[in-house]
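One structure is given below, encoded as structure tokens.
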Amino acid sequence: MPVFEPSEGIFDRAYVLSEDYIPDVIRGRDEDIQRYKNLLQPIMDGRDTKSILLYGKTGVGKTVTTRYLTQHLERDINEYHGINLNTIWVLCENINTSYQLAGAIINEIREPENHITPTGYPSEQMFRMMYDELDSLGEHVIIVLDEVDNIGTDDKLLYELPRAGSNNRLQDTKITVIGISNDLRFTDNLRQKVKSSLAQRELQFPPYDANELNEILRDRAEIAFHDGVIENGVIELCSAISANDVGDARQGLDILTEAGEIANREDSEVVTEEHVYRARDALEQDLINDSIGDLTTQGKLVLCSILYFERSNETPVRSKDVYDKYIKLAEYIDTSPVTQRRVRDHLGDLKMQSLILESTKNTGRQEGRYKEYKSYADVDSAISELDKDGTMEPIVELLEALN
DNA sequence: TTTCCACAGGAATTTTTGGAGA
DNA sequence: TCTCCAAAAATTCCTGTGGAAA
């Protein structure tokens, strides 16, 4: 008996809904694509190119458009000139220094068995290895730095990389750097010399409106699902939810995919609006669970402290009391507690991840100014997620006992 | 209008962790 | 095993904040 069998049901070609799928037609971006194409044309003509910085909010088509154009450029330049154009795609999501970026570029070029480790090399050695790898590719290379705004103030490479040819760091390879940023004010925060190197040409992608989202989702749904399985109003609802948020097509596609999977699991023959609402909630919960799973032990302890007060109906709770409880919980599992200052940082991180809510109180001379916290995540779900980490088991039992 | 409270959080520094290479 | 290296986590020190009370 096989363990897995092809799942039948409402999906026809589900991969069409994935992030990696590049459609034949990019909707709602005609003018942007033409301008982008003009900036890449010098590569086709064998002329020097400028670095390009593309920015716009999440899910407005920056990545898919870049993939679409670089893929066509690779094919066309090979057909007309017999030149091999390499595109190196680096997702800078977890990269915040030039050192880490150099390591990521090396690993993009190398085979997995030759990947390097993220630390241990002197900086200059790391940069030299990166330029050697790039030079070994020869001809023309496009380096796409997706979510480049994650690279903070350590931006040496963002300045150097676009100038690598003119600075003789590369002998045999020409490179073009494309930066993609979700932060509309990214260039405002760049040092002038980095800006003039990385963002010689800029392109901004505006958010999609509900009609454009509708078109995108409908196009994909027609291929991804069997005929007639999407009930009237489902596409419009997915578009409306994502347009109402930030005009994010990725979010709309994720909700549609999840709604389809829920319908599939329940052997439903159609995807309904109710599936869409449940999909939205499930995706939100997944995000929270992922955030909890990624917390350090100290971060989990701080969250446990707030969950303790939540279970005791004593929220919102001020930071001082969170710290006192945190100390007790740390002792409870034999972990050395960190300082109050550090716990404030952890509270800030938990707030950033939408796991807790924060409000400021000020009682003047009486008790001064302080912050209060309560859980934003569903308490039962948060506790069950914490339960997956064995080290938190005694505290999870304590929290369960409060129920 | 000034003082005071209790933190909040920025900046600099130190410690810890994990990896490379001799 | 030891030294070097970079990143991340944590600590220490300090100034800033804003509203009620004086």
Side-chain angles (χ1 to χ4, degrees), chain A residues 90-107 109-133 145 147-161 189 191 291-306 309 314-331 333-353 355-374 389 391-392:
Chain A
V90 183
L91 180 60
C92 305
E93 194 178 29
N94 296 312
I95 294 175
N96 40 41
T97 65
S98 290
Y99 183 93
Q100 291 173 342
L101 176 58
I105 291 173
I106 292 167
N107 285 341
I109 299 171
R110 288 188 178 180
E111 295 298 322
E113 59 270 25
N114 295 324
H115 276 188
I116 58 165
T117 50
T119 57
Y121 304 96
S123 296
E124 193 44 44
Q125 187 185 346
M126 182 67 106
F127 293 135
R128 201 171 56 243
M129 282 195 287
M130 181 198 71
Y131 287 120
D132 286 347
E133 291 292 342
L145 306 175
E147 301 193 21
V148 65
D149 44 291
N150 284 311
I151 299 167
T153 50
D154 180 4
D155 51 13
K156 179 184 173 197
L157 203 52
L158 297 184
Y159 170 71
E160 275 193 15
L161 207 47
N189 302 327
R191 288 184 292 148
S291 299
I292 293 174
D294 289 343
L295 290 174
T296 60
T297 301
Q298 297 295 348
K300 282 177 183 157
L301 276 170
V302 176
L303 179 63
C304 284
S305 170
I306 291 176
F309 285 106
E314 292 175 51
T315 54
V317 55
R318 60 192 292 175
S319 60
K320 186 179 72 173
D321 298 330
V322 172
Y323 185 66
D324 291 345
K325 182 59 68 184
Y326 155 83
I327 294 275
K328 289 199 175 85
L329 293 178
E331 285 167 357
I333 59 165
D334 279 335
T335 298
S336 306
V338 295
T339 58
Q340 198 162 6
R341 175 70 189 84
R342 184 69 190 130
V343 165
R344 278 206 291 274
D345 282 340
H346 281 299
L347 285 167
D349 290 344
L350 294 175
K351 190 191 91 175
M352 284 281 289
Q353 293 172 78
L355 293 172
I356 60 172
L357 291 172
E358 176 196 278
S359 57
T360 304
K361 276 260 176 129
N362 197 326
T363 54
R365 264 186 160 179
Q366 204 179 0
E367 287 185 286
R369 197 169 64 111
Y370 54 89
K371 289 194 168 176
E372 288 185 328
Y373 299 91
K374 68 195 299 295
D389 178 355
T391 59
M392 292 290 133

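We name chains A, B, ... by the order of the sequence lines, and we start the count at 1 in each one. This one's a predicted model, so the numbers in the text were calculated from it and none came from an experiment.
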Quiz item: What about A:Arg369, does its side chain sit under 3.5 Å from the base of C:dT17 through a donor-acceptor pair?
Solution: yes
Quiz item: Roughly how far, to the nearest 0.5 Å, is OG1 of A:Thr315 from CD of A:Glu372?
Solution: 9.5 Å
Exercise. Measure from CG on A:Leu295 to P on C:dA9 and round the result to the nearest Å.
Key: 11 Å
Quiz item: Please give, in whole Å, the distance from C:dA10 P to A:Ile327 CD1?
Solution: 13 Å
Quiz item: Atom CG of A:Asp345 and atom P of C:dA10: how far apart are they, to the nearest Å?
Solution: 10 Å
Quiz prompt | Distance below 4.0 Å between A:Thr296 side-chain N/O and C:dA9 OP1 or OP2 | solution = no
Quiz item: Distance from A:Glu358 atom CD to A:Met352 atom CE, nearest 0.5 Å?
Solution: 11.5 Å
Quiz prompt | Nearest-nucleotide pick for A:Arg341, side chain only, options being B:dC7, B:dA11, C:dA9 | solution = B:dA11
Could you list all N or O pairs between the protein and nucleotides 20-22 of chain B that sit under 3.5 Å apart?
from, atom 1, to, atom 2, distance (Å)
B:dA20, OP1, A:Thr117, OG1, 2.7

Self-check item: Among C:dA7, C:dA9, C:dC5, the one nearest A:Arg342 by side-chain distance
Solution: C:dA9
Quiz item: Within the side chain of A:Ser305, is there an N or O that forms a donor-acceptor pair under 3.5 Å with the backbone of A:Val322?
Solution: yes
Quiz item: Taking the side chain of A:Arg318 as its heavy atoms from C-beta onward, which of C:dA6, B:dA6, C:dA8 lies nearest to it?
Solution: B:dA6
Quiz item: What does A:Gln340 touch in the nucleic acid at a heavy-atom separation under 4.0 angstrom: a base, only the sugar-phosphate, or nothing?
Solution: nothing
Exercise. Taking only the side-chain heavy atoms of A:Lys371 (C-beta and beyond), determine which of C:dA7, B:dA8, C:dT11 contains the nearest atom.
Key: B:dA8
Quiz item: In residues 357-366 of chain A, which ones come under 4.0 Å of DNA chain C, going by heavy atoms?
Solution: A:Asn362, A:Thr363, A:Gly364, A:Arg365
Quiz prompt | Between C1' of C:dA7 and CD1 of A:Ile95, the distance in whole Å | solution = 14 Å
Quiz prompt | Closest to the A:Arg344 side chain, choosing from B:dA6, C:dA10, B:dA8 | solution = B:dA8
Quiz item: Are side-chain heavy atoms of A:Leu303 and A:His346 found at a separation under 4.5 Å?
Solution: no
Self-check item: OG on A:Ser319 to CD on A:Gln340, rounded to 0.5 Å
Solution: 6.5 Å
Quiz prompt | Gap between atoms CG and P, on A:Leu347 and B:dC7 respectively (whole Å) | solution = 13 Å
Self-check item: Distance in angstrom units between A:Met130 CE and C:dA6 P, rounded
Solution: 15 Å
Quiz item: Roughly how far, to the nearest 0.5 Å, is CG of A:Asn107 from NE2 of A:His115?
Solution: 4.5 Å
Quiz item: Is A:Arg110 close to A:Ile116 at the side-chain level, that is, under 4.5 Å between some pair of heavy atoms?
Solution: yes
Quiz item: A:Leu350 CG to B:dA8 C1': how many Å, rounded?
Solution: 16 Å
Exercise. Please state whether the phosphate of C:dA9, meaning OP1 or OP2, lies under 4.0 angstrom from any side-chain nitrogen or oxygen of A:His346.
Key: no
Practice problem: From the options A:Ile327, A:Leu301, A:Val338, select the one residue that forms a side chain to side chain contact (heavy atoms under 4.5 Å, CB included) with A:Val343. | Solution: A:Val338
Self-check item: Salt bridge present between A:Lys320 and A:Asp324 (N-O < 4.0 angstrom)
Solution: no
Practice problem: Return yes if some donor-acceptor pair links the side-chain N/O of A:Tyr99 with the main-chain N/O of A:Tyr121 below 3.5 Å, else return no. | Solution: yes
Self-check item: Spacing of A:Glu124 atom CD relative to C:dA6 atom P, expressed in whole Å
Solution: 10 Å
Quiz item: Of all the choices, C:dA7, B:dA6, B:dA8, which nucleotide is nearest to the side chain of A:Ser319 once you look at every atom?
Solution: B:dA8
